[in-house]
Amino acid sequence: MEELIGLNPDVIIGLTDEETLTDIAEKTEIPTIGIYPDGMFDESFYTSLQLVGDILGEGEHVNSVIDSIKGWEEELNLLAGNIPEDEKPSVYTGAVSYRGAHGFEGTYSQYPPFMAINAVNVVDETGEEGAFIVDLEKVTMWDPDIIFLNPANMNLVNDDYEKNKAFYKNLTAVKNKQIHTQIPYNYNWTNMELAIANAFYAGKVIYPQQFSEIDPVEKADEIFTIMLGQPFYDRMAADGYEFRRIAIGE
């Protein structure tokens with residue numbers, strides 16, 4: 001609290017609970033605002049952006065950013081919205097980080113980038129919501145056509161591969177070299193720009209014909225430039241976070 005008072009900002013914007021924000025406001029006597037965005041294309045995200053824009057005197061700019069985000073949502077719907085279910089490959093995302101790093105078994109039901117392109121996420125049938133640990137026997141049963149993994153946790157995946165090679169080698173996606181990256185985008189909160197960029201890359205992999213005109217790298221930098229003010233893909237790629245095919249065990 002003392003440091004906040006010393007910094008003397010005009011306003012404090014937080015994503016934590018209302019009780020904490022009220023406590024901060026009372027003790028610092030600095031106007032404190034809570035925002036609660038939920039989902040990359042959710043109305044609460046747009047409302048949060050508009051509130052921040054109004055507070056900072058950037059309402060017009062924020063509205064143009066929101067228009068762009070809604071445009072990407074519409075673009076994804078147009079590209080992937082009318083594909084018959086029986087023509088869609090099944091997909092799985094693994095090595096998802098939540099409350100720490102996880103290996104192949106760390107997955108995500110109702111995964112937003114997959115939801116945005118109407119992908120067939122095999123773990124959705126579990127009824128879980130969000131990140132959780134899945135039994136690898138279930139993955140064997142589902143045998144997804146395409147697998148996406150978080151490159152930040154490939155050390156855990158590869159360590160497990162050395163102990164359980166039969167499991168991995170029997171997966172159709174491994175046999176067909178259909179293992180691809182998804183850039184991690186949750187760290188204390190969701191980096192919406194990365195989630196949207198992931199959706200376009202996943203679409204390119206899952207529906208190559210429908211997304212034939214999409215360059216995922218160019219699209220990512222388009223998204224970053226509008227939402228972050230600058231292209232950012234090369235900086236991520238230099239740190240090992242890039243859209244690419246990967247091989248388990250290498």
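Note that this is a predicted model, so its numbers are computed, not measured.
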Evaluate the criterion side-chain contact (heavy atoms from CB on, under 4.5 Å) for residue pair Ile35 and Leu51; output intermediate values, then yes/no.
CA-CA 8 Å; Ile35 57 173; Leu51 178 59; 3.9 Å; yes
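The closest side-chain heavy-atom distance from His61 to Val65 is below 4.5 Å. Side-chain atoms of Val205 and Gln178, non-hydrogen and from C-beta on, do get closer than 4.5 Å to each other. In this structure, the side chains of Ile146 and Ser90 stay at 4.5 Å or more apart for every pair of heavy atoms. When side chains are defined from C-beta on, Tyr161 counts as touching Lys169, because their heavy atoms get closer than 4.5 Å. Between Ile214 and Tyr201, the closest side-chain pair of non-hydrogen atoms is not below 4.5 Å. The closest side-chain heavy-atom distance from Asn77 to Trp72 is not below 4.5 Å. Side-chain atoms of Ile246 and Pro151, non-hydrogen and from C-beta on, never get closer than 4.5 Å to each other.
Put simply, CD1 on Ile69 and CD on Glu193 are 9.5 Å apart, with the number rounded to the nearest 0.5 Å. Within the model, atoms CD1 of Ile30 and OG1 of Thr32 stand 7.0 Å from one another, a figure rounded to the nearest 0.5 Å. Summarising the geometry, atom CG belonging to Asn150 is positioned 8.0 Å from atom CD1 belonging to Ile183; distances are rounded to the nearest 0.5 Å.
Other residues, nucleotides and ligands place more than 12 heavy atoms under 6.0 Å from the CZ atom of Arg245. More than 12 heavy atoms of other shown residues, nucleotides or ligands fall within 6.0 angstrom of atom NZ in Lys175. No more than 12 heavy atoms of other residues, nucleotides or ligands shown are found within 6.0 angstrom of CD on Glu18. For Asp10, the CG atom counts as loosely surrounded, since its 6.0 Å shell holds 12 or fewer non-hydrogen atoms of other residues, nucleotides or ligands. The number of heavy-atom neighbours closer than 6.0 Å to CD of Glu74, taken from other residues, nucleotides and ligands shown, is 12 or below. For Asn176, the CG atom counts as densely surrounded, since its 6.0 Å shell holds more than 12 non-hydrogen atoms of other residues, nucleotides or ligands. More than 12 heavy atoms of other residues, nucleotides or ligands lie within 6.0 Å of CE in Met1, so this atom counts as buried by the packing criterion. The number of heavy-atom neighbours closer than 6.0 Å to CD of Glu19, taken from other residues, nucleotides and ligands shown, is 12 or below.
With hydrogens and angles disregarded, a donor-acceptor distance shorter than 3.5 Å links the side chain of Asn158 to the backbone of Glu250. For Asn153 (side chain) and Gly103 (main-chain N/O), no donor-acceptor pair under 3.5 Å exists by modelled atom type. Using a distance-only test at 3.5 Å, with no hydrogens or angles considered, no donor-acceptor pair links the side chain of Asp160 to the main chain of Leu156. Looking only at distances, a side-chain donor or acceptor of Ser109 sits under 3.5 Å from a matching main-chain atom of Glu128. Side chain of Thr181 to backbone of Arg244: a donor-acceptor contact under 3.5 angstrom is found. Between the side chain of Asp67 and the main chain of Val62, no donor-acceptor pair closer than 3.5 Å is present. Looking only at distances, no side-chain donor or acceptor of Asp143 sits under 3.5 Å from a matching main-chain atom of Leu171. At distances below 3.5 Å, not a single donor-acceptor pair connects side-chain atoms of Asp38 with backbone N or O atoms of Ser44. A donor-acceptor distance shorter than 3.5 angstrom exists from the side chain of Thr107 to the backbone of Thr93, with no hydrogens or angles considered.
Salt bridge status for Lys219 with Glu222: present, with a side-chain N to carboxylate O gap under 4.0 Å.
Aromatic rings of Phe148 and Phe114 (six-membered ring for Trp) have centroids within the 6.0 Å cut-off, being under it. Between Tyr168 and Phe104, the ring centre distance stays below 6.0 Å. Not less than 6.0 angstrom separates the ring centroid of Phe45 from the ring centroid of Tyr36.
Looking at residues two or more places apart in sequence or on another chain, you find a salt bridge (charged side-chain N to carboxylate O under 4.0 Å, His left out) between Lys27 and Asp23. Every side chain to side chain contact (heavy atoms under 4.5 Å, CB included) that Lys204 has, sequence neighbours left out, goes to Phe211, Pro216. With sequence neighbours left out, Thr190 forms a side-chain hydrogen bond (donor to acceptor under 3.5 Å, both in side chains) with Asn186.
For the residue pair Tyr111 and Gln182, a side-chain donor N or O sits within less than 3.5 Å of a side-chain acceptor on the partner. Under the 3.5 Å distance criterion, with hydrogens and angles disregarded, no donor-acceptor pair is assigned to the side chains of Thr172 and Asp145.
Annotation: cation-pi pair Lys70/Phe41 absent, no NZ/CZ under 6.0 Å from the ring centroid and within 45° of its normal.
In the hydrophobic clustering of ILVMFWY residues, with side-chain heavy atoms under 4.5 Å counting as a link, Val96 and Phe243 come out together.
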